Amino acid sequence: MKKVYGSAAEALDGLLEDKMLIAAGGFGLCGIPELLIDAIVESGVKDLTIASNNCGVDGFGLGKLLDTKQIKKMMSSYVGENAEFMRQYLSGELELEFNPQGTLAERMRAGGCGIPGFYTKTGVGTQIAEGKEVKQFGGEDYILEEGIFADLSIVKAWKADTTGNCVFRKTARNFNPPAAMCGKICVMEVEEIVEPGELDPDHIHLPGIFVHRIIKGEHEKRIEKVTTRSREEA
Amino acid sequence: MKKVYGSAAEALDGLLEDKMLIAAGGFGLCGIPELLIDAIVESGVKDLTIASNNCGVDGFGLGKLLDTKQIKKMMSSYVGENAEFMRQYLSGELELEFNPQGTLAERMRAGGCGIPGFYTKTGVGTQIAEGKEVKQFGGEDYILEEGIFADLSIVKAWKADTTGNCVFRKTARNFNPPAAMCGKICVMEVEEIVEPGELDPDHIHLPGIFVHRIIKGEHEKRIEKVTTRSREEA
Amino acid sequence: MPWDRNQMAARAAEELEDGMYVNLGIGIPTLVANYVGDKEITLQSENGMLGMGPFPYEGEEDPDLINAGKQTITELPKTAYFDSAMSFGMIRGGKIAAAILGAMEVAENGDLANWMIPGKLVKGMGGAMDLVAGVGRVVVVMDHTNKHGESKVLKACTLPLTGTGVVDRIITNLGVLDVVEGGLKIVELADGVTEDELRAATEATIVN
Amino acid sequence: MPWDRNQMAARAAEELEDGMYVNLGIGIPTLVANYVGDKEITLQSENGMLGMGPFPYEGEEDPDLINAGKQTITELPKTAYFDSAMSFGMIRGGKIAAAILGAMEVAENGDLANWMIPGKLVKGMGGAMDLVAGVGRVVVVMDHTNKHGESKVLKACTLPLTGTGVVDRIITNLGVLDVVEGGLKIVELADGVTEDELRAATEATIVN
């Protein structure tokens, strides 16, 4: 079964539908599936619900899908870097379901692992708990959160072998493994494709079983906030 | 904070109590914390409840703690390799709580991740579901399983740095990470201790935050079932 | 003549398609790996491995490399290792296309019993309950009758269940049956086995 | 004279003990790292890192290496990377000894509001709700009053909560208060700040 595709558009061929639920990896602009986002913009698919920790920035990452108004709803923990997001949200054009960051990550992992619901203390007694079942364990309240079962996952890894076994680099791993796991189909973009055997089987972060289609491409890897120290501080 | 201890007995000093719940890593005899088990035998602590996929074999691994009758109850998925286990169980000396293997692993991970309960389809309609809450998601039945919060974890890794960051080798990883995560205190035995920086931060399987005490020692690494093929088959 | 163990394994191998991730149980199911031919099948071992290779050559056994049956095995270029929580994540999450498992009893409604004989055999379910609950397709491979000649293909299981309504196909020494609405449907007869012979050895309802 | 940002950060650093794993929020909490001195503190960044190092030298920024505030950072010899599910596993699981966070409002019962001003600021809670629910000790560092001179240390929060009863200690420009039975207890006054000044700036009940 050939998993390697020639381009993002080819890899997404037949997978996109209006109103679908897409889980996307990345944190801020770090480790985001840039190429697949561009291809989704090109496709014109609309009314998307996207589960992603953030929604990019104005004009980059998932922000591009805001500019084209292809997103109906976001499931995110933090959307503060994006003026267009705020505009669409405050004007009622865009729905937003806030998820605490850890709850969002766990909901994705749970969906990928066949767990439809789990209890967490996160958000108990807050707006986040509204409408959610509360259950006591050991005399303390926990709320029920549901697994996310996405129609499609779009993620970015550093290197993958042709069977989909892959590794991430530093903090670019972030939401990519849980996002990859929770999709019926997972499409992954990488910086390098290698042959099976080139990755040490003990070093693989996400086994190929979770990855259905792979593309390689050039990434801009834009930095959101360049912060440095001067050499004198050393 | 010094995490490296001189011996298994030193590493367990002050941690053992009658009737405690211990989570142990390993699958069969692969990746089991041999040295810590021996030290627990020596300690004479008793009425233990042990969450471990298996209970060793007669006279090796957790089987040693059966011989000394230090175990009151096992939480396991498979105990078929151990005649003394069967004898104690059938005579009523030993309690046994069967957990499907994946449920056991997930219960350990859940405990380590602050999740007191989760729903799974595994075991629905079987003996395992008896007495457990059933809940529907998407029209299908799931049962509630609870996180395991152990008093102590005993696990075995291949290499750890002095801060507890560690790596496992091949299928000796198995239950060790989830078992390590679910203990209030985790004691780990390894084949090699290295300095921080010697393990690539992208290769670490279990971050040091989950590991409180570390010892290095010689492991027998007994093989349960040697199976080979002849060279002619090649 | 009914199929022998290897013929049953060979027949079971026909269930597998190129690209599938598959979990094989202990016993006859393990033999299935010998009959996959050119198909690119990736074997999962639930103790934490994808891409399970054959047994090692003598002297090359590695105590850190075993399968779910605790046998020494080898890795392949495509191998990946992971922990037990991740392993059953992929099983429970439906990422494994098929499991081929042994059984003590199968019922016409797809119920499966393969983990316990009360008072006699109390070894445990291992990963079997997770597998039948999670994988896409469950194929049982077993003898059609037990040592006493009694049918193992029943109207209802008598032993504690591993899962309810989980079996899709049964491959026995006498033939192949599918679990369908109302009972079992004969898909295939073993060479030289007549439909009457198979029906006689089957307690379960057979539908057309 | 009330403490400035750096003095507040220095005071917050005294909360940390050798060997602790700590999560620092954005703003003043980030400065705390500058004042830990010889103590062996390991910083967690909830986007997937333990052992966070300082900002990189100019030209050495790595787009794959950022903190939870999206700033470029560096790694240390003890660094380990992991995914977001694992990261919040350790947070929710109580493995982080302390979190030092900013706040918009804190109430005398330990309620914390630091993520939203309805109709005005709707950025999201990020990892704050998980942190306050999971870590062993929550220390808030903030100015005692807002731009309009109104107390941020309240009888009850007016803004949407991040967590209920989660704050253990409050460090402000005026001093240090602990959440205790019945209200807040003054632990320490900033240099030159009188108890009367602190009480005047505090809406919450102060107990002895």
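What you see below is based on every heavy atom in this structure, not just the backbone, and it leaves out hydrogens, waters and symmetry mates. The shown structure was predicted, so the numbers you read here are calculated from the model rather than taken from an experiment. Order of the sequence lines fixes the chain letters, A, B, ..., with proteins taken first and strands second; residue numbering starts at 1 for each chain.
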Here's one to test your reading of the geometry: is the NZ or CZ of Arg173(B) within 45 degrees of the ring axis of Phe82(C) and under 6.0 Å from its centre? no
So which atom in [X] and which in [Y] form the shortest heavy-atom distance, rounded to 0.1 Å?
X	Y	value
Asn47(C)	Thr171(B)	ND2-CB, 3.7 Å
Pro63(C)	Cys30(B)	O-SG, 3.4 Å
Thr228(B)	Glu58(C)	CG2-CA, 3.6 Å

For chain B, which of [options] has the most heavy-atom pairs under 4.5 Å?
options	value
Met49(C), Met86(C), Glu75(C)	Glu75(C)
Asp111(C), Thr164(C), Val122(C)	Val122(C)
Ala68(C), Gly119(C), Gly163(C)	Ala68(C)
Gly59(C), Ser87(C), Ala85(C), Gly48(C)	Ala85(C)

State plainly whether the residues Arg231(B) and Glu60(C) are in salt-bridge range, i.e. N to O under 4.0 Å. yes
Calculate, to the nearest 0.5 Å, the distance between atoms [atom1] and [atom2] belonging to [X] and [Y] respectively.
X	Y	atom1	atom2	value
Ser84(C)	Met108(B)	OG	CE	8.5 Å
Ile66(C)	Thr227(B)	CD1	OG1	9.5 Å
Phe27(B)	Ser45(C)	CZ	OG	7.0 Å
Thr120(B)	Arg92(C)	OG1	CZ	5.0 Å

Taking atom CD of Glu218(B) as the centre, report whether more than 12 heavy atoms of other residues, nucleotides or ligands fall under 6.0 Å from it. no
More than 12 foreign heavy atoms under 6.0 Å from NZ of Lys216(B): is that the case here? no
Would you call [X] and [Y] a side-chain contact if the rule is heavy atoms closer than 4.5 Å?
X	Y	value
Asp83(C)	Phe175(B)	no
Gln71(C)	Glu224(B)	no
Phe88(C)	Thr103(B)	no

Where does [X] contact chain C at under 4.5 Å (heavy atoms): side chain, backbone, both or neither?
X	result
Tyr89(B)	side chain
Val226(B)	both
Asn54(B)	side chain

Go through Lys123(C) and Phe85(B) one step at a time and tell me if the side chain to side chain contact (heavy atoms under 4.5 Å, CB included) criterion holds. CA-CA 10 Å; Lys123(C) 293 186 171 190; Phe85(B) 189 105; over 6 Å; no
Between Trp115(C) and Thr126(B), is the side chain to side chain contact (heavy atoms under 4.5 Å, CB included) condition met? List the steps. CA-CA 11 Å; Trp115(C) 75 282; Thr126(B) 75; 5.6 Å; no
Could you tell me which portion of [X] (side chain, backbone, both or neither) has an atom closer than 4.5 angstrom to a non-hydrogen atom of chain B?
X	answer
Asn67(C)	backbone
Thr79(C)	neither
Ile91(C)	neither
Met116(C)	side chain

Under the criterion side chain to side chain contact (heavy atoms under 4.5 Å, CB included), I'd like the reasoning laid out for Thr72(C) against Ile223(B): C-alpha separation, chi angles, the key distance, then a yes or no. CA-CA 8 Å; Thr72(C) 45; Ile223(B) 296 177; 3.6 Å; yes
Taking non-hydrogen atoms and a cut-off under 4.5 angstrom, which of residues 124-143 of chain C neighbour chain B? Gly124(C), Met125(C), Gly126(C), Gly127(C), Met129(C), Asp130(C), Ala133(C)
Is any residue of residues 167-186 of chain C within less than 4.5 Å of chain B by heavy atoms, and which ones? none
Working note: Gln127(B) + Leu161(C), criterion side chain to side chain contact (heavy atoms under 4.5 Å, CB included); need CA distance, chi angles, decisive distance, verdict. CA-CA 7 Å; Gln127(B) 280 189 4; Leu161(C) 297 181; over 6 Å; no
Heavy-atom pairs under 4.5 Å with chain C: which of Met86(B), Arg109(B), Glu81(B) has the most? Met86(B)
Pick from Ala179(B), Gly80(B), Gly28(B) with the largest number of heavy-atom pairs that fall under 4.5 Å of chain C: Gly80(B)
From the list Lys221(B), Lys170(B), Arg169(B), side-chain hydrogen bond (donor to acceptor under 3.5 Å, both in side chains) with Asp62(C) holds only for Arg169(B)
